[in-house]
Protein chains: 2
Amino acid sequence: MSDKIKILIADDEPDILEFLQYNLEREGYEIILAENGREAITKAKAHHPQMILLDIMMPELDGIETCRELRNIPEFKNTLIAFLTARNEDYSQIAGFDVGADDYITKPIKPRVLISRMKALMRRFGSEVQEENVSLGSIEIDREKYLVYKDGEKLSLPKKEFELLSLLASKPGKVFSRKEIMSKIWGNDIIVGDRTIDVHIRKLREKIGDDQFKTIKGIGYKFDV
Amino acid sequence: MSDKIKILIADDEPDILEFLQYNLEREGYEIILAENGREAITKAKAHHPQMILLDIMMPELDGIETCRELRNIPEFKNTLIAFLTARNEDYSQIAGFDVGADDYITKPIKPRVLISRMKALMRRFGSEVQEENVSLGSIEIDREKYLVYKDGEKLSLPKKEFELLSLLASKPGKVFSRKEIMSKIWGNDIIVGDRTIDVHIRKLREKIGDDQFKTIKGIGYKFDV
DNA sequence: GCCAATGTTAAAGATACGTTAAAATGGACA
DNA sequence: TGTCCATTTTAACGTATCTTTAACATTGGC
């Protein structure tokens, strides 16, 4: 699974976006850009960033409001959110924290300072991502414990099988294309043969149950009860 | 034990100390004061504050060094540490984060901003409350005394082994990835080889019991009964 | 019935982990 | 300061397990 940390940056000044993108990508982060608050929310939903940097002053939806809305979406309740703000804007600072921000960063932004602060935030909070557990029919998946229960019976699957099951079960009934499975589990850089997926599916069918895994020929697989 | 949140403040200017003490006590915090870094470390050990504010420029031991020393004491590995710094001291900012600080606060300090920031930090921190003692099955861990009891028999483990056990036992059943273990026990700056963790696990298996420590290949380890 | 896509199987390949001993580090103490 | 000892880390190697491949069988849509 691709493990680059994704950061969403929202600012209405293209110069700043470009500047941050350049500096952060060089550090190995994956950057997603947005030009206003509305776009930031849309892109956050699409890309699931671990961290979000918001300019306070933006058209469409300002940073404060954007943050408030994001915090109301369960997925982003624990995402790191930091504000970009001009010096001396103390009002923003207070309002920002009250709305659930984790930090604010004053402009002009110095890349080294920014990166240090981000690392400090992530060091402390980053690993606290708690993944949800899935329960469908007789199958239960405990992501934290890396365990699968089938009719209460404890199964411990190898990594790839677990990830595959975990992926398919994250949206029961949804058909995952082979492409999608590949990119989500192996990442976009690693290329594996087509038979590889089949083999893992086979193992899962053996262990979990034949009928739960349905093949949609020419498309992909789905998990269902 | 008093349930007030304790904050240790170290600064060599009595005015600032008094100012902060007044404002923070009014908010219901318990304040411990220190006039230099050396005193800060002594008092931290005595009072176990949840949060520490350090001035950068102090006699005896400056803030940066104090922070570094504190971070080397296991008890304070996860304590919130923030620096008090004059505006534009960017050097301090960087050095501060690299040394493991969680935030820096620029002087002149505005009480409302300070309190907001502290709350932002603690909001995150709150969920991370680690209990003093853990007891699972035949194992008992006394974090304060750095002791482990196995079937009532006292074991005194070396530091790293203790920390590793303590971490794994903090969430029994949860799989801790190697990455997670590394960052929680060694920090993000120190890099140790992969085999290092194995060796410590081995020692623990020897001393505590083979079956309690389970390997999840490709992921990490978990502790269970 | 044809053909491309998928299923099956076993074996090769890769990788992570276990184990051990030895080297490096660091603290206590003379 | 140097010596000693406990602790920590490294490095080398073996091994079990997981992952992928490849060859061949089977299936299902057209």
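Only heavy atoms go into these numbers, but all of them, side chains included; no hydrogens, no water, no symmetry mates. A, B, ... follow the sequence lines: proteins, then strands. Residue 1 opens every chain.
The closest donor-acceptor contact from the side chain of B/Ser166 to the backbone of B/Glu163 lies at 3.5 Å or more, if one exists at all. Put simply, the side chain of B/Arg178 never gets that close to the backbone of B/Ile197: no donor and acceptor are under 3.5 Å apart. Put simply, the side chain of B/Lys6 gets close to the backbone of B/His47: a donor and an acceptor are under 3.5 Å apart.
Looking at residues two or more places apart in sequence or on another chain, you find a side-chain hydrogen bond (donor to acceptor under 3.5 Å, both in side chains) between A/Lys207 and A/Glu161. In terms of the ring-ring contact (aromatic ring centres under 6.0 Å, His included) criterion, residue partners of B/Phe223 (sequence neighbours excluded) are, by chain and number, B/Phe213. Under the side-chain hydrogen bond (donor to acceptor under 3.5 Å, both in side chains) criterion, B/Lys43 pairs with B/Glu39, not counting sequence neighbours. Residues passing the salt bridge (charged side-chain N to carboxylate O under 4.0 Å, His left out) test with A/Arg195 are A/Asp198, sequence neighbours excluded. Applying the ring-ring contact (aromatic ring centres under 6.0 Å, His included) test to A/Tyr146 and every residue at least two apart in sequence or in another chain returns A/Phe162. Residues forming a side-chain hydrogen bond (donor to acceptor under 3.5 Å, both in side chains) with B/Glu18 (at least two apart in sequence, or on another chain): none.
Residue pairs meeting the ring pair (Phe, Tyr, Trp, His ring centres under 6.0 Å) criterion with at least one partner in residues 163-183 of chain A, sequence neighbours excluded, are absent. For the side chain to side chain donor-acceptor pair (under 3.5 Å) condition, the pairs that include at least one residue of residues 210-219 of chain A, sequence neighbours left out, are A/Arg205-A/Thr215.
For DNA chain C, the contact window with chain B, defined by any atom under 4.0 Å from a protein heavy atom, covers C/dT15 to C/dT20 in 5' to 3' order.
Ion pair A/Glu144/B/Lys222 not flagged as a salt bridge, since none of the NZ, NE, NH1 or NH2 atoms sits closer than 4.0 Å to an Asp/Glu carboxylate oxygen. Using a 4.0 Å cut-off between charged side-chain N and carboxylate O, B/Glu65 and B/Arg68 make a salt bridge.
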Per-nucleotide protein contact string for nucleotides 3-15 of chain D (B base, S sugar-phosphate only, - none; heavy atom under 4.0 Å)
----SBBBBB---
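Summary for the helix from C/dG1-D/dC30 to C/dA30-D/dT1: the axes at its two ends, each from 5 pairs, differ by 40° when rounded to the nearest 10 degrees.
Put simply, CD1 on A/Ile201 is 17 Å from C1' on D/dC18, counting in whole angstrom units. Taking atom CD1 of residue A/Ile181 and atom C1' of nucleotide D/dT19, one finds them 16 Å apart after rounding to whole Å. Rounded to an integer number of Å, the gap from A/Ile185 CD1 to D/dT19 P is 10 Å.
A heavy-atom distance below 4.0 Å to DNA chain D is reached by these residues of residues 208-225 of chain B, ordered by number: B/Lys217.
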